[in-house]
Protein chains: 2
Amino acid sequence: MPAQKRLNRDELVATAMSVVDAEGLEAVTVRRVAQQHDVTPMALYRHFDDKDGLLDAVAERVLDDVRLPAADDRPWHEQMADLLTAFLDAMRPHPNATPLLFDRILSAESGLAITERTLTLLAEAGMSVDDGAEHACKALNFLVTLVLTEPGRGDDTDPAARDEALRAKRARLLTLDPARYPHVVAAAGPLTDCPSAEAYYRRGVESIVTAMRGPAAAAAPTAV
Amino acid sequence: MPAQKRLNRDELVATAMSVVDAEGLEAVTVRRVAQQHDVTPMALYRHFDDKDGLLDAVAERVLDDVRLPAADDRPWHEQMADLLTAFLDAMRPHPNATPLLFDRILSAESGLAITERTLTLLAEAGMSVDDGAEHACKALNFLVTLVLTEPGRGDDTDPAARDEALRAKRARLLTLDPARYPHVVAAAGPLTDCPSAEAYYRRGVESIVTAMRGPAAAAAPTAV
DNA sequence: CAAACTAGGTATACGACGTAAGCTTTCAGC
DNA sequence: GCTGAAAGCTTACGTCGTATACCTAGTTTG
């Protein structure tokens, strides 16, 4: 990150994002981002109201990466699965940034676009405005959680430290009394790590769509 | 919170919890908790390794409040709904503390008990160890998210400030271009507030259980 | 019963943080 | 070249978590 003459808002955001990705949200510091551009901390305040404004921009950048699939004439739930997957694809490169998204989906422009599309599909599915809103909120927040809590993820990217923490966590589960916690002990592996991230996310999307379709979905599987 | 002669770990946790409930997680400060007990900040370090240890204890207290329902012979998914509801009932009085729970369910003793029960029910449902672990993680984390993102919740309890922020948020949605975001504008109300918390949580549990039962659930509704 | 140990409080201090206020530099457009 | 505004700098303040060293009351022990 060598600095050019003039500071640039987008590059500041990029720097903050790289810190988030590498070391987690708490590592993002006004002083630190400034330092990477060889600039005084106070210089950032010409580009952002405050630190929260910087984090808003980071969240916005994640949301901007979402490539909304074009609408077509497939059943709504298939389109919904694609929409959610597109959102996932944008978040997965930046798992440490996901906590920012809970509050901010309805603040950023591209978050509004995602929400609008979600609501549209739910309306096509025949949901009332109220039901659609509730399901949309739940679905998007659940998606964020899916990334936030992907088993085997640690705040830092350093693979050595991550593996170490992971092993420690699993080891702790394995020392539990198997009489009291038989299933936890048996599932120590899958509880702490994720054999296939792809499968994890695919099933996650499927679960959310299933929840949206409701308990009667399978009874009328192609209902619009 | 007047202080007695000797500091007491449980009362420190209670103080921290009351701060969390009243003003949010960021308001919890070693100095502040100490002050409420008329004690030097460093005194807390005789009872907790560090601030994170204090927060661990806060999270643990929430989990300790879970009253696990007794196992019976109803279908697993009905018992699951009750289990999840019990977890919800423990979290709902402390929504600001919920972010602590994502990482800590498998650390606290009572979190292990909840997880064990969840895994047991999923095993009864015929799930493999791997599938059960994945569904259990998702379900518990989704539940946490349900409380964390309940529409219309702000970090502070002060009802005046909360209402103000809520109104502002909704007003912003209503100023959007209805041609671009018709559904968002139409759903501004339910997107920002929650008419009935009870219904919101009931449907949330229902959604999670539906997701667990999978797309084929309704086809064989009483399958064990 | 005095002496030694210990658990739990205090005092002081350090470095990092976000950011307010005011000053200085750079540079585009006249 | 002059001017005004945009952008970066300097200094400073208050808050945070916590390391280190100390003190003191209460218990244990020779």
Side-chain angles (χ1 to χ4, degrees), chain A residues 1-60 96-97 99-100 103-104 107 155-156 161, chain B residues 1-60 96-97 99-100 103-104 107 155-156 161:
Chain A
M1 334 257 128
Q4 73 269 45
K5 206 77 246 154
R6 224 57 175 187
L7 228 45
N8 170 290
R9 190 187 150 105
D10 281 350
E11 307 205 9
L12 289 172
V13 177
T15 301
M17 183 78 88
S18 76
V19 174
V20 171
D21 290 340
E23 303 179 43
L25 263 183
E26 328 73 39
V28 179
T29 272
V30 174
R31 290 171 143 90
R32 170 128 177 221
V33 172
Q35 194 177 19
Q36 300 222 0
H37 289 264
D38 284 317
V39 127
T40 287
M42 290 309 291
L44 298 214
Y45 287 80
R46 297 285 168 188
H47 303 271
F48 303 96
D49 282 350
D50 52 18
K51 186 186 175 180
D52 218 57
L54 173 60
L55 295 179
D56 286 348
V58 169
E60 196 163 349
N96 293 340
L100 298 173
D103 296 331
R104 292 173 167 93
S107 306
D155 256 9
D156 37 25
Chain B
M1 334 257 131
Q4 74 270 45
K5 204 79 244 154
R6 229 42 183 196
L7 228 46
N8 171 291
R9 189 186 151 106
D10 282 350
E11 308 204 8
L12 289 172
V13 177
T15 300
M17 183 77 90
S18 75
V19 174
V20 172
D21 291 340
E23 303 179 41
L25 262 183
E26 328 73 40
V28 179
T29 273
V30 174
R31 291 172 141 91
R32 170 130 180 219
V33 173
Q35 194 176 19
Q36 300 221 2
H37 289 263
D38 284 315
V39 128
T40 287
M42 291 309 293
L44 299 214
Y45 288 80
R46 296 284 169 189
H47 302 271
F48 304 95
D49 282 350
D50 51 18
K51 186 187 175 179
D52 218 56
L54 173 60
L55 294 179
D56 286 347
V58 169
E60 197 164 348
N96 293 340
L100 298 173
D103 296 330
R104 292 173 167 93
S107 304
D155 257 9
D156 36 26

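To find a chain, count down the sequence lines: A is the first, B the second, and so on, and within it residues start at 1.
The shortest side-chain heavy-atom distance between B:Val13 and B:Glu60 does not fall under the 4.5 Å cut-off.
If you measure from atom CD of B:Glu11 to atom C1' of C:dG8, you get 15 Å, rounded to the nearest angstrom. The separation between A:Gln35 atom CD and D:dC9 atom P is 13 Å, rounded to whole Å. Whole-Å rounding puts the A:Leu12 CG to D:dA7 P distance at 12 Å. Across the protein-nucleic acid pair, A:Arg9 atom CZ and D:dA7 atom C1' stand 15 Å apart, rounded to whole Å. One interatomic measurement links the two molecules: CE of B:Met42 to P of C:dC14, which rounds to 15 Å at whole-angstrom precision.
For the atom pair CD (B:Gln35) and OG1 (B:Thr40), the distance works out to 11.0 Å, reported to the nearest 0.5 Å. The CG atom of A:Leu12 sits 4.5 Å away from atom CG of A:Leu7, with the distance rounded to the nearest 0.5 Å.
Residue A:Arg6 places its side chain closer to D:dA7 than to any other of C:dT19, D:dA7, D:dT18. Among the nucleotides C:dT10, C:dC17, D:dC9, the one closest to the side chain of A:Thr29 is C:dC17. When each of D:dT18, C:dT19, C:dC17 is scored by its nearest atom to the side-chain atoms of A:Val30, the top-ranked nucleotide is C:dT19. Taking the side chain of A:Arg31 as heavy atoms from C-beta on, and the options D:dT18, C:dG9, C:dC17, the nearest nucleotide is C:dC17.
Scanning both residues, B:Ala57 and B:Phe48, for their nearest heavy atoms gives CB-CE2, 3.9 Å.
Take A:Arg32 and apply the salt bridge (Lys or Arg N to Asp or Glu O under 4.0 Å) test, not counting sequence neighbours, and it matches A:Glu23.
For the contact set between residues 43-59 of chain A and DNA chain D, defined by any heavy atom under 4.0 Å, the members are A:Ala43, A:Arg46, A:His47.
Among residues at least two apart or in separate chains, side chain to side chain donor-acceptor pair (under 3.5 Å) pairs with a member in residues 43-57 of chain A are A:Asp56-A:Arg104.
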